[in-house]
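Every chain is numbered from 1, with letters handed out A, B, ... down the list of sequences. Everything numeric here is computed off the predicted structure, so don't read it as measured data.
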There are 2 protein chains.
Amino acid sequence: MANIHDVARVAGVSISTVSYALSGKRPIGEKTRRRIDEAVRELDYMPNAAGRMLAGTRTRIFALTAPLRSDTYAPAHMAFVLAVATAARKYDYDVLLLTEDEATDGLHRVSSSRLVDGIIVLDVSLHDERADLVRSLGVPAALIGVPADTEGLVCVDLDFEAAAGLAVDRLVDAGHRSLALLGHPPMVYERGSNFPMRFRDGFLRRAADRGVRASFSMVEKDAPHVRTALAGVLDADPAPTGVVVHADEGVHKAVLEAIAARGLSVPDDLSVIAGVPTFDTSGFTPPLDAIPLIPADSCTRAVELAVQQLDGTVEPRVELVAPKYRDHGSVAAPRPGS
Amino acid sequence: MANIHDVARVAGVSISTVSYALSGKRPIGEKTRRRIDEAVRELDYMPNAAGRMLAGTRTRIFALTAPLRSDTYAPAHMAFVLAVATAARKYDYDVLLLTEDEATDGLHRVSSSRLVDGIIVLDVSLHDERADLVRSLGVPAALIGVPADTEGLVCVDLDFEAAAGLAVDRLVDAGHRSLALLGHPPMVYERGSNFPMRFRDGFLRRAADRGVRASFSMVEKDAPHVRTALAGVLDADPAPTGVVVHADEGVHKAVLEAIAARGLSVPDDLSVIAGVPTFDTSGFTPPLDAIPLIPADSCTRAVELAVQQLDGTVEPRVELVAPKYRDHGSVAAPRPGS
DNA sequence: CTGAAAGCGCTTACAG
DNA sequence: CTGAAAGCGCTTACAG
């Protein structure tokens with residue numbers, strides 16, 4: 001396999017000229033550049049990664065630590081992993097995958113050995129040991145998700161409060177005066193990430209700000225529970241006319257089935273918005289308005305922030321990505337008199 | 001950050017002695033070793049990855065190319081990715097993740113730049129350009145899945161024919177004389193991987209060998225189709241008393257529901273086996289016998305074969321992993337007289 | 001059992 | 001606009 005000396009020899013220049021020509025870090029004469037390009041092509045030369053890593057200041061590799069916990073929804077998880085890898089490539093970075101059982105040891109290993117330039121931390125829980133490790137390692141890192149203690153960390157996440165606010169606004173603007181939030185099972189609020197709480201709080205706060213009634217219920221995943229919970233919610237007086245669902249895909253479907261089973265139609269009898277789904281709600285029956293959690297958004301920003309840290313100019317921060325509303329026709333004005 | 005010279009100085013030895021002490025590639029005197037260990041601990045020394053890669057013959061990184069196609073079942077995909085990463089760590093290897101859009105370019109890049117020692121190819125389709133690329137690159141590689149042309153390649157996969165044979169044997173041994181296979185939708189057999197065909201062929205061949213009747217139907221994913229397809233299959237004369245399902249999770253559940261809806265009970269009226277599920281069938285109602293596709297099995301073997309290629313001793317081959325039967329009580333003798 | 005030294009393939013001041 | 005050379009941090013023959 002050809003190395004930089006081969007290219008230099010064939011092109012009749014020095015290796016430093018070859019290096020500069022390839023990196024573009026200094027201007028190269030027209031003819032020289034052409035001869036080098038030709039030699040590179042002729043020899044099918046590609047710079048050796050190890051040589052580059054050792055001489056340069058960058059490895060051009062990020063570690064990605066992505067635990068797969070039992071409560072992880074695999075399709076979303078996969079989407080985040082791919083979004084990070086895709087974003088990294090835009091900056092000429094590769095992604096080294098660290099698994100759950102290697103979480104802390106692996107981070108230690110790849111950063112101490114300088115295998116990676118930085119770390120992207122996925123699926124951050126409230127008390128995540130990886131957050132503490134990243135802090136103590138002092139290595140460039142970006143977390144996707146917000147831990148309890150964000151001191152000294154760079155975090156990126158969807159603005160779940162604003163997302164909930166957006167849902168409330170949409171419903172209130174359409175004329176609804178009584179809203180309900182169907183949330184995850186209690187277990188989800190007790191441990192794990194904090195975004196379900198942030199969504200709930202954003203919902204209740206915005207409803208209060210707008211002066212409308214709002215209820216919040218936690219719903220177990222199985223269809224019978226969903227039916228019962230929905231019945232309880234809709235039998236309230238005054239009955240909510242706008243419902244926001246923040247739960248997993250199955251619960252969304254079960255909610256829609258339960259609504260249909262009650263003889264109600266969306267959006268004529270009831271307006272429904274999907275909270276922050278990681279799945280597509282436009283194919284549901286009926287299609288559901290949504291404020292989706294878009295992996296590419298947070299992941300791209302996280303990678304960007306990691307890259308910027310290498311140039312040494314990023315203050316610790318929590319950056320919240322603005323939510324976007326996707327209209328699929330599941331919100332309408334409430335029935336007159338309801 | 002400390003380097004090998006620091007360790008050598010603190011320990012009062014040469015850097016080569018430090019290197020050998022850490023690699024264990026030559027015997028080191030008792031006291032010397034202790035002094036080195038102490039220096040390493042004191043300085044929190046960890047060898048620099050780039051230095052190691054450049055001087056040594058290994059990068060200790062494998063590339064993992066894992067496309068996420070539209071017909072990919074994310075949980076299974078994720079499980080394979082994690083199984084590769086976990087297996088790699090056992091050999092002190094890290095895994096670099098290559099995404100779909102980088103499939104061939106990425107493979108070219110990481111192997112030409114010698115960033116990786118080898119490649120693990122996941123989710124191999126019948127005519128997979130990555131297979132051709134791996135062949136032409138001549139880089140150590142192990143494919144998980146079997147492409148149409150395996151010339152010069154090292155492939156690992158579950159023995160789907162044997163898996164189907166196992167299912168047939170189990171049913172025939174229990175006394176069944178008429179079997180049915182409910183397979184994937186036609187689209188799956190037309191393109192993509194070849195394992196559905198291998199399972200189907202294994203099923204039909206073993207049934208013929210054992211001298212029992214066997215039918216094969218392709219089933220669309222939606223519940224109504226599943227009901228119709230099941231009805232068609234069970235109304236045959238003589239009606240099958242043993243059914244093997246090779247489809248995705250939703251279809252399995254729909255099949256069980258359709259069976260229950262017909263007033264039939266498993267295994268008393270009908271014996272049912274899940275083909276090669278990537279999901280857990282022991283929590284189904286009723287729990288289903290299965291011959292599962294176990295990611296760790298093929299992935300561990302693939303990593304092993306990739307590692308062995310670095311020592312230069314692996315002939316091209318297709319290695320099929322033996323299937324295992326998991327009994328959950330969904331197979332019984334057919335009703336007398338049926 | 002241990003050390004001095006070459007060399008892996010680059011990048012980047014330094015010099016012209 | 002270009003080159004000679006040092007140096008990144010290791011591994012590994014070579015030598016004793």
* Asked: Is the shortest distance from a Lys or Arg side-chain nitrogen in B:Glu30 or B:Arg34 to a carboxylate oxygen in the other one below 4.0 Å?
  -> yes
* Structure fact -> When both distances are under 3.5 Å in a Watson-Crick or G-U wobble arrangement, the nucleotide paired with C:dA13 is none
* **Atom of A:Met53, atom of A:Thr59 and distance for their closest heavy-atom approach** => CG-CA, 3.6 Å
* Asked: Rounded to the nearest 0.5 Å, how far apart are CD1 of A:Ile294 and OG1 of A:Thr278?
  -> 11.5 Å
* With no hydrogens and no angle check, is any side-chain donor or acceptor of B:Arg317 less than 3.5 Å from a backbone partner on B:Glu315? -> yes
* Structure fact -> Using Watson-Crick geometry (N1-N3 plus N6-O4 or O6-N4) or G-U wobble (N1-O2, O6-N3), each under 3.5 Å, D:dA4 is paired with none
* In B/S/- notation, 5' to 3', how is nucleotides 9-16 of chain C contacted by protein heavy atoms closer than 4.0 Å? -> BBBBBB--
* For atom CG of A:Asp6 and atom P of C:dC8, their distance in whole Å -> 11 Å
* Any ion pair linking B:Lys90 and B:Glu304 (charged N to carboxylate O, less than 4.0 Å)? -> no
